[in-house]
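Structure, as structure tokens:
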Amino acid sequence: MDTNSLPCRTETAFPRLGFLEKSSDTRHIPEGTKMEMPLWLAKGLYERKRRVLSVELPKVYREGWRTVFSADPTVVDLHKMGPYYYGLGSQLLHFHNPENPEIAQAVLQTFIGRFRRTMDAAQNAYNEDTSALVEPLDSLERALFKVGQNGLNAFQRWETGRASHLTASSLVLNYRKRKITDL
């Protein structure tokens with residue numbers, strides 16, 4: 001499954017949209033057709049009041065995987081499961097599903113469980129090859145790892161005296177003292 005696609009089932013027929021269904025050569029999409037749909041299209045077609053389509057949960061957000069994440073979220077290769085685990089999980093909450101509270105809790109607990117390890121790895125890997133550390137991370141975790149690495153590098157430069165000199169902020173430089181006559 002493409003990380004930007006969701007498994008969906010049409011609740012009504014879609015006339016003249018058969019080109020969206022790659023496995024069929026018909027001109028129309030009949031009611032009840034299961035297909036992969038891009039997230040942006042599924043969000044646009046999904047309506048709570050008028051059932052046009054229903055979105056099924058991707059397997060990584062189902063009960064079995066939520067149990068694995070609750071046991072030990074640090075052992076799962078999130079990048080292999082889909083590089084946008086947290087982003088897609090939060091987008092799934094827009095589709096009214098009875099499992100939404102459990103999905104939200106699982107995504108949050110997974111992030112909390114993996115955050116400390118991600119930041120510890122970022123802060124303790126100075127001048128090392130970090131590709132093995134970064135490989136199993138989600139895109140959000142990779143961004144956090146990069147921020148942590150940048151902070152570590154800036155601290156190391158400061159500690160060794162190679163940091164740039166402190167300069168005054170532009171707000172301070174442009175601040176004019178008020179004269180008594182201005183008040």
Side-chain angles (χ1 to χ4, degrees), residues 1-12 14 17-24 29-125 129-150:
M1 179 179 88
D2 185 6
T3 57
N4 296 325
S5 295
L6 294 175
C8 300
R9 185 178 56 243
T10 60
E11 300 291 334
T12 61
F14 290 177
L17 291 177
F19 64 90
L20 292 175
E21 178 56 60
K22 296 172 185 154
S23 65
S24 174
I29 298 176
E31 181 179 335
T33 303
K34 290 186 177 184
M35 58 190 294
E36 297 281 323
M37 209 174 266
L39 174 65
W40 61 269
L41 183 59
K43 282 178 75 173
L45 291 175
Y46 183 82
E47 289 184 31
R48 219 165 114 180
K49 294 178 183 173
R50 201 180 95 186
R51 302 283 298 187
V52 176
L53 76 113
S54 59
V55 176
E56 299 173 9
L57 288 178
K59 68 178 182 178
V60 72
Y61 300 99
R62 292 186 188 149
E63 179 63 32
W65 278 104
R66 289 197 308 256
T67 304
V68 170
F69 286 126
S70 66
D72 188 5
T74 60
V75 299
V76 179
D77 186 348
L78 281 185
H79 191 72
K80 209 178 274 186
M81 302 302 289
Y84 303 104
Y85 173 78
Y86 300 113
L88 184 59
S90 65
Q91 292 295 318
L92 282 175
L93 301 178
H94 294 287
F95 303 106
H96 299 282
N97 186 312
E99 296 183 49
N100 275 357
E102 291 87 9
I103 294 169
Q105 189 65 24
V107 169
L108 177 63
Q109 291 305 316
T110 300
F111 181 77
I112 291 170
R114 293 171 61 100
F115 179 76
R116 178 181 294 272
R117 183 169 175 234
T118 302
M119 292 313 291
D120 283 348
Q123 294 295 306
N124 293 316
D129 180 23
T130 59
S131 59
L133 297 171
V134 172
E135 186 177 341
L137 301 180
D138 169 81
S139 62
L140 175 64
E141 293 171 332
R142 287 180 181 205
L144 289 172
F145 186 87
K146 185 176 179 182
V147 168
Q149 282 278 282
N150 290 342

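What's counted below: heavy atoms across the whole structure, side chains too, no hydrogens, waters or symmetry copies.
Expressed to the nearest 0.5 Å, how far CG of Leu88 lies from CG of Asp138 amounts to 10.0 Å. The line from OG1 of Thr67 to CD of Glu63 is 4.5 Å long, rounded to the nearest 0.5 Å. Of the inter-residue distances, the one linking Cys8 atom SG with Glu56 atom CD reads 7.5 Å to the nearest 0.5 angstrom. Atom NE2 in His94 sits 12.0 Å away from atom OH in Tyr46 (nearest 0.5 Å). Distance CG/Leu53 to CD/Glu31: 12.0 Å, rounded to 0.5 Å. Annotation: the span from Leu144 atom CG to Lys146 atom NZ amounts to 12.0 Å, rounded to 0.5 Å.
Under the ring-ring contact (aromatic ring centres under 6.0 Å, His included) criterion, Phe14 pairs with no residue, sequence neighbours left out.
Side-chain atoms of Glu141 and Tyr85 include no donor-acceptor pair closer than 3.5 Å.
Side-chain atoms of Thr10 come within 3.5 Å of backbone atoms of Pro30 as a donor-acceptor pair (strictly under, hydrogens ignored). No donor-acceptor pair closer than 3.5 Å links the side chain of Thr118 to the backbone N or O of Phe145. At distances below 3.5 Å, at least one donor-acceptor pair connects side-chain atoms of Tyr61 with backbone N or O atoms of Gly89. Between the side chain of Gln123 and the backbone N or O of Gly148, at least one donor-acceptor pair lies under 3.5 Å. Distance alone, capped at 3.5 Å, is enough to place a donor-acceptor pair between the Arg142 side chain and the Glu135 backbone.
Applying the salt bridge (Lys or Arg N to Asp or Glu O under 4.0 Å) test to residues at least two apart or on different chains, none of the pairs has a partner in residues 81-97.
For the pair Phe69 and Val107, the minimum side-chain heavy-atom distance is 4.5 Å or more. Looking at heavy atoms from C-beta onward, Gln91 lies out of side-chain contact with Leu6 at the 4.5 angstrom threshold. Taking 4.5 Å as the limit, some side-chain heavy atom of Ile103 sits within range of a side-chain heavy atom of Leu93. When side chains are defined from C-beta on, Tyr84 does not count as touching Leu39, because their heavy atoms never get closer than 4.5 Å. Between Leu137 and Arg114, some side-chain heavy-atom pair lies under the 4.5 Å cut-off. Here the side chains of Thr110 and Tyr86 are in contact, with some heavy-atom distance below 4.5 Å. For the pair Lys59 and Arg62, the minimum side-chain heavy-atom distance is below 4.5 Å. Between Leu57 and Phe95 there is no side-chain heavy-atom pair separated by less than 4.5 Å.
Counting all heavy atoms, side chain and backbone alike, Ser5 lies closest to Glu36 at CB-OE1, 3.6 Å. Scanning both residues, Pro136 and Ala132, for their nearest heavy atoms gives CD-O, 3.5 Å. When all heavy atoms are compared, the tightest approach of Pro73 to Gly113 is CG-CA, 3.9 Å. Closest non-hydrogen pair, Gln149 versus Ala125, comes out as NE2-O, 3.1 Å. The two residues Ser54 and Glu11 come nearest to each other via the heavy atoms OG-OE2, 2.9 Å.
Counting non-hydrogen atoms of other residues, nucleotides and ligands closer than 6.0 Å to NZ of Lys43 gives a total above 12.
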